[in-house]
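Below you'll find the structure, written out as structure tokens, and then a few comments.
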Amino acid sequence: MERSSNHEIAAALAEARPAPRQAFMQELDQRVAAGFPRRSRFSRFPLAGLAGRIGARSPMRLSFVGAAVALAAIAVATAVIANSGSEPRPVAIDSGPTTSHPSVQGSEGAPQVAAPESSGGVQYSEVIPFAAEIGSSGSSRAVSPPAVHSSETESLANGNLSHRREIERSANIALFADPADVSEDSTRVFAAVHDANGIVLHSTTSSGKGASARFELLIPSARLGDALAAFSSIDEVRSRHQATDDITEPTVTTSEELRGTQARVDSLLAQLSSAEVESEREAIAAELRAERDHAARLRNQLARLHQRTTYSRVLVRIESGPATESGSSWGIGDAFHDAGHILGIAAGVTLIGLAVIAPLALLCLLAWLAQRLYLRSRRERALDT
Amino acid sequence: MSEAAVADVESQRQGGLDFERLYRASRDDVYAYAAGLLRDRTAAEEVTAMAFERAYRKRSRFNPERGSARAWLFGVARNAALDELRRRSRQVELSADPVDVASVPDGADQRSELRLLLDAALAQLEARERELIALKFFAGLSNGEIAGVIGVSSSNVGTRLNRTMDKLREACDGAL
């Protein structure tokens, strides 16, 4: 035989090209036409189709979906945590444009009791301060101040806070009523406050065409839910907002400071008993007075903090006309504030999410690359065996 | 223009992958490549089916800017074939009985004789060399396409092919 040339070998190779069986090709054609249905032993199960579709997605797309789901989960968790405690959202208790009475200045101001009396478009309020330091009383209705028991204050001062958080609650509810019903609804508000052992800090009512009423209340926090339900049942609820403020930190700080002051008082007393020189005694006594004054201030501060958690501030408005948002506690400025607040939370959540996801994603990427390199190297090695 | 080339051009034009057209244009070539590399028809059928199934499921990941659809498909097919080769290497050593030239029928012409010798020579080649032959002469890929599939330069493919062809020719001539 003659020596073969590369050309002849190439031609022979082309002729020797393996051809597939007809039956195999037909079967493959059918599978292609059917879109390669998966033959899973789990296909009987209801979620098998979903799992198959998920599995058919590209890993990159699945990674994105996974990251988005994780980010959403972190966002929800953060939002829940933010709303449940540390974010202060005090309810604005405004004095209102029609009232001529002093508004309550924060929770540290003296709560006052006002009795209702409707008188043809003229607002009134009978202010009865209950706080001991104010002391004057001209009301026909006696109301006990939301005093804090000394044992509770001592408990706080002794640092027994580890088992609970100090949460201040507030609420704002607006009711819509027929002008003729405002007076009756006001009476029902007072009844609901009474049932809840609450306190009316300030109230104004007006009658006539644009009749309205406004109540600034202190409701025992333990009965806040019942009281709000009672207010909501009085008439049609136009809006209702609740807020919480975690005041654990100032409470703990104050109680710790009080303990330190008490310890200094004890120390000074011991020094005083052992002092022999008159001038020394006088100096220690002066220091002792100062420490005792400081301790008294801290006790008062602690009592006020505890009062804020014991009683919840509630603002109830009864309106008969269109919603008076400009005069209410929520307006365009609040909308911007809320928008900024939400954006801030969203940015924070995104940052936290990225901080969590980025290292994980990097690790996954490295693992994926390593796995690909390993697989490629093993495949290439298969050609060398 | 071949059907495979038309499928490629169409894919490029559409910016996506016309899988049906690519399948019809390439199924015989993929099978021929797998059979040439594995030298086992049953395994070649499995690899062909596996290759098209993988390509179908990954069709959204085909990027026309990174190469032709045909080269991409053969990349997928190569992975499937190497997986099969890897699996089989763990089980049984691939071997082919040498062809006894004396067993060639007397009436066979020179071309048939060459084919038999070639078959035996192919069996003696290393898998890497046999893959080159399968891609070039069975699947009909250009040197550039082969370079894209196996991840070397085009000139390197040419050099390796020449060397392998020389080896085949020497094996055939030596057997005569």
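Below, each value reflects all heavy atoms present in this structure, side chains not excepted, and no hydrogens, waters or symmetry copies. Naming: A, B, ... by sequence-line order, numbering from 1 per chain.
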Please classify the contact of [X] with chain A as side chain, backbone, both or neither, using a heavy-atom distance under 4.5 Å.
X      : value
B:E129 : neither
B:F52  : both
B:R59  : neither
B:F19  : side chain
B:E45  : both

query = With chain A, which of B:L118, B:L168, B:N162, B:N79 has the greatest number of heavy-atom pairs at distances under 4.5 Å?
reply =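 Maximum pair count with chain A is reached by B:N79.
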Is [Y] paired with [X] through a side-chain N to carboxylate O contact shorter than 4.0 Å?
X      : Y      : answer
A:D29  : B:R27  : yes
B:R128 : A:E380 : yes
B:R57  : B:E53  : yes
B:R163 : B:D166 : no
A:D384 : A:R381 : no

query = Contact part of A:A19 toward chain B, heavy-atom cut-off under 4.5 Å: side chain, backbone, both or neither?
reply =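 A:A19 touches chain B through backbone heavy atoms alone.
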task = Pick one of side chain, backbone, both or neither for A:R378, based on which atoms fall under 4.5 Å of a heavy atom in chain B.
result =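 Contact with chain B is through both the backbone and side chain of A:R378.
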query = Do B:L85 and B:L82 have side-chain heavy atoms sitting under 4.5 Å apart?
reply =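 Yes; the side chains approach each other to less than 4.5 Å.
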